[in-house]
There are 2 protein chains.
Amino acid sequence: MKATINDVAKLSGVSIKTVSRVMNNEPSVRQLTREKVQAAVKELNYQPNLAARNLAGTKSYTIAYVYDNPNAYYVIDMQEGILAACRQQGFELLINPCDSQQENITEDVINTIKQARVAGLVLTPPFSENPEFVKRITDLDIHVVRIMSGDTAPDELSPCVMVNDRDAAQTITQHLIDLGHNKIAFIAGGAEHMSTIERYKGYRRALKANNIEFNKNLLIEGEYSFESGVNGAKQLMSLDNAAEDRPSAIFSCNDEIAAGALFAARLMNISIPEQLSIAGFENSPFSRQTWPKLTTANQPNKEIAKNAASLLISQVRKQKNNNEISQYVPQLVVRDSTGQLS
Amino acid sequence: MKATINDVAKLSGVSIKTVSRVMNNEPSVRQLTREKVQAAVKELNYQPNLAARNLAGTKSYTIAYVYDNPNAYYVIDMQEGILAACRQQGFELLINPCDSQQENITEDVINTIKQARVAGLVLTPPFSENPEFVKRITDLDIHVVRIMSGDTAPDELSPCVMVNDRDAAQTITQHLIDLGHNKIAFIAGGAEHMSTIERYKGYRRALKANNIEFNKNLLIEGEYSFESGVNGAKQLMSLDNAAEDRPSAIFSCNDEIAAGALFAARLMNISIPEQLSIAGFENSPFSRQTWPKLTTANQPNKEIAKNAASLLISQVRKQKNNNEISQYVPQLVVRDSTGQLS
DNA sequence: ATAAGAATTGACAGCGCTGTCATTGTTTTG
DNA sequence: CAAAACAATGACAGCGCTGTCAATTCTTAT
């Protein structure tokens, strides 16, 4: 029922070794031979047996996704993207959820990837932002691709797929400015996240580009939570209007914060967007479940993850891969929570 | 570095075949021998090579989680539970996200599980609620364990882990009644979900047990969405109060609906819980991100999934497994969105 | 045209385990 | 106590593939 390499060899009239070569994109196979084999592969719908490959070879056909992130939507998207790349390339995916705060987490992860003979790792924050952790892994000759916030890779430890939160945040802030706002507050997420830092930088850059002076009363240091949004917005909206401090727009570091801010505004009978504009970031399902729906920035996580995983697989295979995009800029999604003052 | 079966055989002074027997819990091994081997296994920290097992044996050590569910929190919890069981038992997990509405989905899934030599499937709604689908799989001698809503398995196709939404819904409704409410509305989720039906039944049963007459104006047929909660609550709260139709409590079929209802109440300047109690269901992270926080019912998804997966693995191994719980009743979590009328 | 060199291909062993079946050890029974 | 019955163990092949290395074919330069 299931075709083996032997069937392919017979059908195409070559040895199994040659079939193996074709399947692994090895050089030293004549073009004609290659095509014959590929035809047979197609006809028999042959797919190499992963178990046999893993057993026989010194190479590994398994990559892992090591994560620790409370945002289920993010994780699922990443995972599905990675999975798509794996399926395409005949790789296996080991999922490894874990607690990045745990004492011996690095050793634990190393153990797991040794045990399972993992060839490479896709890392997302917070792991991707921890150079010590990354170094420990790459020192073991295990390939790594990191997905992280920024515009260029921070070091040479591994290839990175960058998410340019800064530019995106600048775009969002500019959107607010274009709407006529000049008192724009920023509710930050936890400062331990690079994404917070980057988004903040983008916000500041937009202000600067438009000659709007930064007012530190309009900066709230929060964390990535609904509650933080509620408190931040409350604090902001109780600023003295006479002193011209009270903002007419709030840029929240993510959608959850924005939802909280939205909620607080509602509590204070401030109508959105007539009296106050609120923007989020992430385009999580959350942002469509608020009322009004949130203006936000969309990052195509599935696509990012798929690309990162393909990159990783090319690395593992020692093939080059030219059509990788190494920087993504989240795109502005304008919905109903931002508008001109009226 | 990594111990093989050979090392264990040498250390314990038996043949590799005997070690294999011990590792697979096969009979026909003397107790003394078994212990010797187990000691060696422990000393060498030996773990059988999955690839070799899969390649050599006719048995498979892979189970799959086939899902199609928009609720990322649910999926992640399920997946992590299944993963935990797999790790414990030395199984491999194949993750298979897919679209249950797709034309040839059944064939696709069958193809995948044949290709990967999957021994068993963990199914959650909507797949677990589709008997045709389940039958197609079990006809192939592939083991299945279903997680679904109800109190007893609907058929003999496969073992089931039941989530007794009905009893839980009754408990929630009773909680509302105990608080003094007797005009309790129900905003349903999509009727194609068993969970909706079950939760509705529990609601009706609680009414009946307390001699409260069912008022069909208080039943809103919605779907599992925020918007549905908004619309449902609006409709309910505009009911004529004079006719004594307007509810003082709303039982929403899940947290998302409840969040919508909460939001609508806020829009109408109805204070929660002073003027209206709202209960959700699911205890999703969502329910802690509303204000006030939602009273809801908690289902320990991770644990349910872990149990279901262990059950599946026992089936696959043809071992019996007595300590499985086959029914879970979600527990009432009282928070701030329900209270007495004041 | 021909030898040296390079490119292509194949034979064969073996990865770590399980299935089959033969062998050895231990009980039971007449 | 011998024979039959059964329990415990091991020898060996082989799962489907890859790595090594030798054999073959094709180039190229002389």
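Predicted model only: the values in this text are computed from it and were never measured. Worth knowing before you read on, the calculation uses all heavy atoms, side chains too, and leaves out hydrogens, waters and symmetry mates.
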Under 3.5 Å, which N/O atoms of the protein pair with N/O atoms of nucleotides 11-15 of chain C?
residue : atom : partner : partner atom : Å
C:dC15  : O2   : A:Leu55 : O            : 3.4
C:dC15  : O2   : A:Ala56 : N            : 3.2

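The shortest distance between side-chain heavy atoms of B:Lys42 and B:Gln38 does not fall below 4.5 Å. Between B:Val144 and B:Phe133, the closest side-chain pair of non-hydrogen atoms is not below 4.5 Å. When side chains are defined from C-beta on, B:Asn301 counts as touching B:Tyr74, because their heavy atoms get closer than 4.5 Å.
Distance, B:Ile5 CD1 to D:dG10 C1': 13 Å, rounded to whole Å. The nearest whole Å value for the distance from the CD atom in B:Gln31 to the C1' atom in C:dT26 is 17 Å. What separates CG of A:Asn25 from P of D:dT18 is a distance of 12 Å, to the nearest Å. Rounded to whole angstrom, the span from the CG atom of B:Asn54 across to the P atom of D:dG16 amounts to 12 Å. Summarising the geometry, the separation between CE on A:Met23 and C1' on D:dT18 is reported as 13 Å, rounded to the nearest angstrom. A:Leu32 has its CG atom 18 Å from the P atom of C:dA7, to the nearest Å. When the P atom of D:dG10 is taken as reference, atom CD of B:Glu26 falls 14 Å away, rounded to whole Å. The nearest whole Å value for the distance from the NZ atom in A:Lys36 to the P atom in C:dT8 is 14 Å.
The two atoms that bring A:Tyr67 and B:Glu80 nearest to each other are OH-OE2, 2.6 Å, heavy atoms only. When every heavy atom of A:Arg146 is checked against every heavy atom of A:Pro154, the shortest pair comes out as NH1-CG, 4.2 Å. Contact record, B:Pro131 with B:Leu157: O-CD1, 3.8 Å, taken as the closest heavy-atom pair.
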Identify all side-chain donor-acceptor contacts of residues 88-96 of chain B below 3.5 Å with residues at least two apart in sequence or on another chain.
residue : atom : partner : partner atom : Å
B:Glu92 : OE1  : B:Thr62 : OG1          : 3.1

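The side chain of A:Thr58 contributes an N or O atom lying less than 4.0 Å from OP1 or OP2 of D:dG19. Between A:Thr18 and C:dG10 there is a side-chain polar atom (N or O) within less than 4.0 angstrom of OP1 or OP2. For the pair A:Arg53 and D:dT18, the criterion of a side-chain N or O lying under 4.0 Å from OP1 or OP2 is met. At the phosphate of C:dG16, neither OP1 nor OP2 sits under 4.0 Å from any side-chain N or O atom of B:Tyr61. Proximity of B:Lys59 to the phosphate of C:dG19: a side-chain N or O atom is located under 4.0 Å from OP1 or OP2. Of the side-chain N and O atoms in B:Arg30, none sit less than 4.0 angstrom from OP1 or OP2 of D:dA7.
The backbone N or O of B:Ile16 sits nowhere less than 3.5 Å from a side-chain atom of B:Asn6 that would complete a donor-acceptor pair.
If you check every strand for non-hydrogen atoms under 4.0 Å, B:Pro48 touches sugar and phosphate atoms only. Residue contacts for B:Asn24: at a heavy-atom cut-off of 4.0 Å it reaches the sugar-phosphate backbone alone, with no base atom in range.
The 12-atom threshold is not exceeded at NZ of B:Lys135, counting heavy atoms of other residues, nucleotides or ligands nearer than 6.0 Å.
Terminal axes of the helix from C:dA1-D:dT30 to C:dG30-D:dC1 (five pairs each, C1' rotation axis) are separated by 40°, to the nearest 10°.
Residues B:Asn130 and B:Arg136 bring no donor and acceptor atom of their side chains to less than 3.5 Å of each other.
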